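Predicted model only: the values in this text are computed from it and were never measured. Chain A is the first sequence line, chain B the second, and so forth, proteins listed ahead of strands; every chain is numbered from 1. When reading the values below, keep in mind they use all heavy atoms of this one structure, side chains included, and skip hydrogens, waters and symmetry mates.
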Number of protein chains: 2
Amino acid sequence: MHKKVNIKTIAAELGVSPSTVSKALKDSHEIGVETRAKVQAFAKMYNYKPNSLALSLRNQKTMVIGVIIPQITHHFFTRVISGIEFIANQKDYNLMICLSKDEYEKEIQNIEMLTNGSVDGLLISIANETLEKGEFGHFERLLKQEFPIVFFDRIPPGIQADKVIVDDEAGGYNAGKLLLSKGRKKLGIISTPEHVTVGVLRERGFYRAIQEAGAEVLPQFNVKIEEKFDIENQIDQMFTQKEFPDGIFAVNETYAALAMKIAQKRGFQIPRDIAFIGFTDGVISRLTTPTMTTIAQHGHNMGNKAAELVIQRIYEQENDKTPNQTVVISTNIVEREST
Amino acid sequence: MHKKVNIKTIAAELGVSPSTVSKALKDSHEIGVETRAKVQAFAKMYNYKPNSLALSLRNQKTMVIGVIIPQITHHFFTRVISGIEFIANQKDYNLMICLSKDEYEKEIQNIEMLTNGSVDGLLISIANETLEKGEFGHFERLLKQEFPIVFFDRIPPGIQADKVIVDDEAGGYNAGKLLLSKGRKKLGIISTPEHVTVGVLRERGFYRAIQEAGAEVLPQFNVKIEEKFDIENQIDQMFTQKEFPDGIFAVNETYAALAMKIAQKRGFQIPRDIAFIGFTDGVISRLTTPTMTTIAQHGHNMGNKAAELVIQRIYEQENDKTPNQTVVISTNIVEREST
DNA sequence: TTTTAACACGAAAACGGTTTCGTAAGCATA
DNA sequence: TATGCTTACGAAACCGTTTTCGTGTTAAAA
């Protein structure tokens, strides 16, 4: 690769010092008009652009925000990222995106890599394995250093930090209410294991709605999916009992879409026999047959908020820190054919 | 934010020089064993990690690969990214992902930003607007400098460079052959405007299959979607004529899924009346009703290959350059219920 | 006793910028 | 003529590392 022009080469070429070039390029009026013009013309002609590493090192500021997410193939996270990018872009920040692949070790590696000077702040959605282990020392170390961090969606329970979350509990509650309002009595839920915070909250809200109505969920109508086993089999169990639910809430889009297909294969009509509602921000719900009613998550908003928060933290002075915030992104129901 | 420990602070604390610390940390046996032990213990205790900016500046090597894609919410691109990440991770590279949002200007900005020292190489899938304009000067400048670049999926036509593409033409051809082999006679295609290279190639292959069979596509059965108008309306036109196709190929997953829904709404049965086949690597095709037959793109493979190529270019010596390569990722048919 | 070599460490330059401070030249003022 | 003030620029430090090239000390060899 050919070397790019830098301030030194310009200086040598023009017979002035590097400092003169630097000042001339920013139109410092410390430098004579002729010299300024000469330097600027030369720089333009050779398409000079300052080296960002050198700038970052000098200014102790990279204008980069690190983002750590568990999986990039999850549509929700890509919505969040596009929201982050939208704000970052406005404020001249760039993104460095790392994937933890839901692994604790990779998450730690990513964090170490990013916090060694590469980024000014960090946006994190925690890996499943980390949540399962419950080990958050790597976050606490950074928080103690007052490194700017904002957690989003999957947050560390019981840790003081800035957070942006979806109102999962209320979303689950509204899903329950909606099914009940459609006259459904025997409700079911397709959920996730205990350590996945968001799943738990959605489930909790769902149960709250049901209790308020004086109803209950039969144990066999509560399926907690273990992703390491066959998902379709686990869902199918809900339809192989003598009784079957007439309204099902799934805590994510894929489970809901799969459940709809499986129910149809078992001969149930949607929504006549069973109504379905999913929790999602995805692209699938419009394309299923019938189209799926969902609790919309607004991942883009979440990204916006998270980016705003972290940038605010980055600019904050050492002396006047604002207290930690938790921003809640509220959901809303998008009613389609499945209810 | 509290300052991190660096080599200087360690040196000062231990009463030795920065160079001694640096050497001690890499177990240089230029340094006495006691001093080495002392420095290493201190570094470990304070969790010292070298500043990556300083390292990059010094070594003229960032261990970062820049990726520019049009949209992160396109599932195909996220598959490619996860493929890129897989290889990059193995070779200790990190990713800096930028979004062009399919805009020419943003693409240029991204490139300028990334090539000012931030990355060692670049992986690019070109913005639609750039392809439309046909202006590739920003790429040619970099290629002339011999900056390591690999284009993937959406490539600049007629430019010498490393490229990784899906075998779109063959994919289209196979889609056509499959529909014909099912006895379909009146074929239709849902495609994209001319400037989207991949769409054109898929269409070309499709037509080749049809011509070989001595058949033809009626003009009203060729719909080129303009995304700025209502997509469903444009697709619907195919079903409002007196004649209708009995086999439809859509050049992407969303168009195919939408078309299936619209056809069903119009009362057609799939695949009895109309067979559908989509071009995709997505998550939707398993969840539609009926499930969708697709030409699978293997975005993950594409990401692998692209990353391997660019890393190879990065390590290449100035003297012995290998000639430009074009790697073709072949597709395969995944047959499901829609045919 | 002198030379030589090994050992253990430090000074300084380099990566590519920015910024503070110093200073020579030119001119006006007393 | 001596002093002060601009003007226009350069030297040098700094950001955090690495690495080359000394150099002073000690011990071994001559």
N or O in side chain of [X] less than 4.0 angstrom from [N] OP1/OP2:
X	N	value
Q60(A)	dC14(D)	no
K4(B)	dG16(D)	no
N6(A)	dG16(C)	yes
T35(B)	dC9(C)	yes
S22(B)	dT17(D)	no
Y48(B)	dG16(D)	no
K8(B)	dC15(D)	yes

Relative to each other, are the rings of F86(B) and H300(B) parallel, tilted or perpendicular (30° and 60° limits)?
->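 Answer is tilted, since the angle falls between 30° and 60°.
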
Look at the aromatic rings of F152(B) and F77(B) and report parallel, tilted or perpendicular, splitting at 30° and 60°.
->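 Because their plane-to-plane angle is over 60°, the rings of F152(B) and F77(B) count as perpendicular.
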
So what does [X] hit on the nucleic acid, given a heavy-atom distance under 4.0 Å: a base, only sugar-phosphate, or nothing?
X	answer
K23(B)	base
S56(A)	nothing
E30(B)	base

Tell me, please, whether Y104(B) has K133(B) positioned over its six-membered ring: NZ or CZ under 6.0 Å from the ring centre and within 45 degrees of its axis?
->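 Positive - K133(B) is close enough to the ring of Y104(B) and near enough to its axis.
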
Compare all side-chain heavy atoms of P70(A) with those of R154(A) and state whether any distance is below 4.5 angstrom.
->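 Of all side-chain heavy-atom pairs linking R154(A) with P70(A), at least one is under 4.5 Å.
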
If you check every side-chain atom of N51(B), which of dA12(C), dG16(D), dG17(C) has the closest atom?
->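 Nearest listed nucleotide: dG16(D).
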
When the distance from [atom1] of [X] to [atom2] of [N] is rounded to whole Å, what number comes out?
X	N	atom1	atom2	result
N59(A)	dG16(D)	CG	P	12 Å
L25(B)	dT18(D)	CG	C1'	12 Å
K61(A)	dG16(C)	NZ	P	23 Å
H29(B)	dT19(D)	NE2	P	15 Å
I31(A)	dT18(C)	CD1	P	13 Å
I7(A)	dC15(C)	CD1	P	14 Å
E34(B)	dA8(C)	CD	P	9 Å
M63(A)	dG17(C)	CE	P	18 Å

Quick one: on DNA chain C, does L57(B) or T20(B) contact a more 5' nucleotide (nearest heavy atom)?
->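 Closer to the 5' end of DNA chain C: T20(B).
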
Check the surroundings of atom CZ in F42(A): do more than 12 heavy atoms from other residues, nucleotides or ligands lie under 6.0 Å from it?
->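 Count over threshold, so yes.
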
Taking atom types as they are modelled, is there a donor-acceptor pair under 3.5 Å from the base of dT17(D) to the side chain of R58(B)?
->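 No, no donor-acceptor pair under 3.5 Å.
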
Report the C-alpha separation of S118(A) and S52(B) in whole Å, then their side-chain angles, then the decisive distance to 0.1 Å, and conclude whether the side-chain hydrogen bond (donor to acceptor under 3.5 Å, both in side chains) test is met.
-> CA-CA 6 Å; S118(A) 315; S52(B) 29; 3.0 Å; yes

